[in-house]
Number of protein chains: 2
Amino acid sequence: MEKINLKRLADELHLSTSTVSRALQDSYQIGADTKQRVLALAQKLNYVPNPHASSLGSRKSNTIAVVIPEVFDSYFAQAVNGIETVAQAHGYHILIYLTHESEQQERAILRAFQGGRVDGVLMSVSAETTSTEHIAALQAQGVPVAFFDRAADGIETARVTTNDLESSCLATRHLVECGCSHIALLSIARQLSIERQRIRGYQNALAESGQLFREDYVVECTHDPEENYLAIRQLLEAHPEIDGLLVTVELLTVSAYQACHDLGRRIPADVKVVSFSNSRSAAILNPALTTIRQPAFETGKAIATLLLKALKNRHKNLGTDSVVLPSTLIVRASTATDIK
Amino acid sequence: MEKINLKRLADELHLSTSTVSRALQDSYQIGADTKQRVLALAQKLNYVPNPHASSLGSRKSNTIAVVIPEVFDSYFAQAVNGIETVAQAHGYHILIYLTHESEQQERAILRAFQGGRVDGVLMSVSAETTSTEHIAALQAQGVPVAFFDRAADGIETARVTTNDLESSCLATRHLVECGCSHIALLSIARQLSIERQRIRGYQNALAESGQLFREDYVVECTHDPEENYLAIRQLLEAHPEIDGLLVTVELLTVSAYQACHDLGRRIPADVKVVSFSNSRSAAILNPALTTIRQPAFETGKAIATLLLKALKNRHKNLGTDSVVLPSTLIVRASTATDIK
DNA sequence: TTTCTTTACGCAAGCGCTTGCGTAACTGCC
DNA sequence: GGCAGTTACGCAAGCGCTTGCGTAAAGAAA
């Protein structure tokens, strides 16, 4: 079974390759009946074009890169799902890269895109990332980069995020309303813009209710569950007065629950917990977890749509729109006040 | 900033493009000092090769495709993580595709690979998939396809799976030992080889303990949580005698828990539950869930290693090795017998 | 009939890199 | 000093597709 290519089709039909190529692209320059013949033969011979050749010729890869920190988190899983949905609908392919929260890896990954591998990049910056020149460099090469969820501050481009500040504020207020007077916050990577927003929301709500913000109530975690468990445990041991926990990252939920459990701090009787989380199992946790659910799937769809729209109109720069999709607070047992 | 390419480098160094190309590939045909000069200039000019051109010329894309049903499931998320780890280490890129359990989409996706987009494919077949000619067709084109987790029966190729039969048997036996005498099984897509294995393991364990297999104790679920909830609820309502549940798919856990809860069937007092699951939150569910944890990350690493090794030795066909990694039963409160 | 469009297609030059082969220059050998 | 054997590099033909431009044929306008 020899590989069949454009030339083969052209020969068989006594046409030139350019005509066949245009016919397959449904070009206006080709007659309707010719198109039919080409299509028919292509189908019959099961012709599949070589994407590298087309990419090289057209300098368009029909491929986008998705660069994310991790894929464990159900947020990113759902976001990727959203991205894939629109990409597939538009005939785009998705290259996926994990930075594992490492700035160095992020740089290496983005650098490779300068060769033209992808038409555009969708990313959520790593927790470590502090500088942004690698992103700017890519933009300078004409490769559009858009952010979702975790955006880099210095970069002007489209982004879709959620209302982190308000959500966090809302969540904290909820804890206050549930009677918490000593609320701690569990974070990762405080330099992350979204984390800063969440912390600010937390601060605002505290201020609002006359509680004061304590730096030692903010714990910066890592990505190692063991370490996090210990850090949270230390926090709770050092501060027996803590009666509320705002968990800004889904990843930390398990560690937080376990630390509370192991220390005999009952949820919600002793400590009430709210967590940013997109996990479906929040509802069946022990106790069911009050969450801030982010529109992960929609975020993925939105950012992909933005990028692909920009890619359609050759260099209609994807602008600098900042879409904000709302998160929702879902109250469950972990913040219940009618303690049984 | 004009694009810099091989020719540019060559001109600048007064070399031919072939020499520069070979120098960058660290070919034995090029002198050490020349290599140095080339490397130095490449670095200085921030040269990034055009991957489409190399792929076209060398008919190697350094890219593999990962085709999976979903990404919601933490199993697949972790498996992708494993794949990515070894791919990145070998300089390979990963294209990701979701079939959403649709055979038709799976066919369309695989078909596109016939053009040479990828050097190899790692897949877990969709739940719908019954025929396999689309996979065979790809193999016929010389594109290696390897399976992980969900393999297609008719295809001869490398695969890495887990010991589904034994695990399932073990889990069922565990339920029996915990006193269950009416154990139901929740499945999806019974034609899936792994599901068949799991059902057989269940049957074996039942037979072993003298319990009889009842077809009406096997519920085939879908991917819609609502539907599944209802189906499970119906099962439990129709069969109040059911005192054990073997959940073969992580996705169904939440629905199962909710159905039990809403019907007032206490876990583990009334119904004991074991689930195939890789979710970290299993430990903090209400009650903590006894799980069969699959080596997802390792599976991803293993299958990727197998494929990449085959890709190195140009057409040293990746053989038909069938690696089986063991799953482990983790007993937790959902099968506890000392009911409080 | 002549001229101007329009329509439908072919020519050929790439796109940027790879690679088989050819060949100078240099080495070591008898 | 002649010869085979390296070593280091260049030539040029692709890889398979895209696309700007040119043009014959056919129809419309004058």
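These numbers come from a predicted model, not from an experiment.
- Rounded to whole angstrom, the span from the CG atom of A:Leu13 across to the C1' atom of C:dG10 amounts to 15 Å.
- When the P atom of D:dG10 is taken as reference, atom NZ of B:Lys7 falls 13 Å away, rounded to whole Å.
- Taking 4.0 angstrom as the limit, B:Thr34 places a side-chain polar atom (N or O) nearer than this to OP1 or OP2 of D:dC9.
- When the side-chain nitrogen and oxygen atoms of A:Ser21 are compared with OP1 and OP2 of D:dT18, one or more of them lie within a distance under 4.0 Å.
- Considering only side-chain N and O atoms, B:Tyr47 lies under 4.0 angstrom from the phosphate OP1 or OP2 of C:dC17.
- Atom CG of A:Asp33 is separated from atom P of C:dA8 by 8 Å (rounded to the nearest Å).
- At whole-Å resolution of the value, CG in B:Asn50 and P in D:dC15 are 18 Å apart.
- Checked by distance alone, B:Arg22 brings a side-chain donor or acceptor within 3.5 Å of a matching partner on the base of C:dG20.
- With rounding to whole Å, A:Ile4 atom CD1 is found 16 Å from D:dC15 atom C1'.
- Remark on DNA chain D: of its neighbouring residues B:Gly57 and B:Gly31, the 5'-side contact belongs to B:Gly31, judged by nearest-heavy-atom nucleotide.
- Look at NZ on A:Lys3: it is 10 Å from P on D:dG16, rounded to the nearest Å.
- Rounded to an integer number of Å, the gap from CG of A:Asp26 to C1' of D:dT18 is 16 Å.
- Side-chain contact between B:His223 and B:Pro69 is absent, with no heavy atoms from C-beta onward closer than 4.5 Å.
- Closest to the side chain of A:Gln29, from the set C:dC17, C:dG10, D:dC15, is C:dG10.
- Remark: the B:Glu128 side chain and the B:Thr99 side chain contain no N/O donor-acceptor pair separated by less than 3.5 Å.
- B:Ser54 comes within contact range of the sugar-phosphate backbone alone, with a heavy-atom separation under 4.0 Å but no base atom that close.
- At least one side-chain nitrogen or oxygen of A:Gln25 sits closer than 4.0 Å to the OP1 or OP2 atom of D:dT19.
- A:His100 and A:Gln105 are not linked by any side-chain donor-acceptor pair at a separation below 3.5 angstrom, with hydrogens and angles left out of the test.
- Looking at heavy-atom distances under 4.0 Å, B:Ser55 makes no contact with the nucleic acid at all.
- Electrostatic pairing of A:Lys7 and A:Asp11 counts as a salt bridge here, judged by a charged N lying under 4.0 Å from a carboxylate O.
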Begin with the C-alpha distance, continue with both residues' side-chain angles, and end with the deciding distance and a verdict on side chain to side chain contact (heavy atoms under 4.5 Å, CB included) for A:Val20 and A:Tyr47. CA-CA 12 Å; A:Val20 176; A:Tyr47 169 68; over 6 Å; no

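- Evaluation of atom-type donor-acceptor distances gives no pair under 3.5 Å for the side chain of B:Ser58 against the base of D:dC15.
- Separating the CD atom in B:Glu298 from the OG1 atom in B:Thr305 is a distance of 11.0 Å, to the nearest 0.5 Å.
- Listed nucleotides: D:dA12, D:dG16, C:dG10. Nearest to the side chain of A:Thr19: C:dG10.
- Within 3.5 Å, no donor on the side chain of A:Ser16 pairs with an acceptor on the base of C:dC9, nor the reverse.
- Counting to the nearest Å, the P atom of C:dC15 and the CG atom of A:Asn62 are 20 Å from each other.
- Candidate nucleotides C:dC17, D:dC17, D:dC15 were compared by shortest atom distance to the side chain of B:Leu56, and D:dC15 ranks first.
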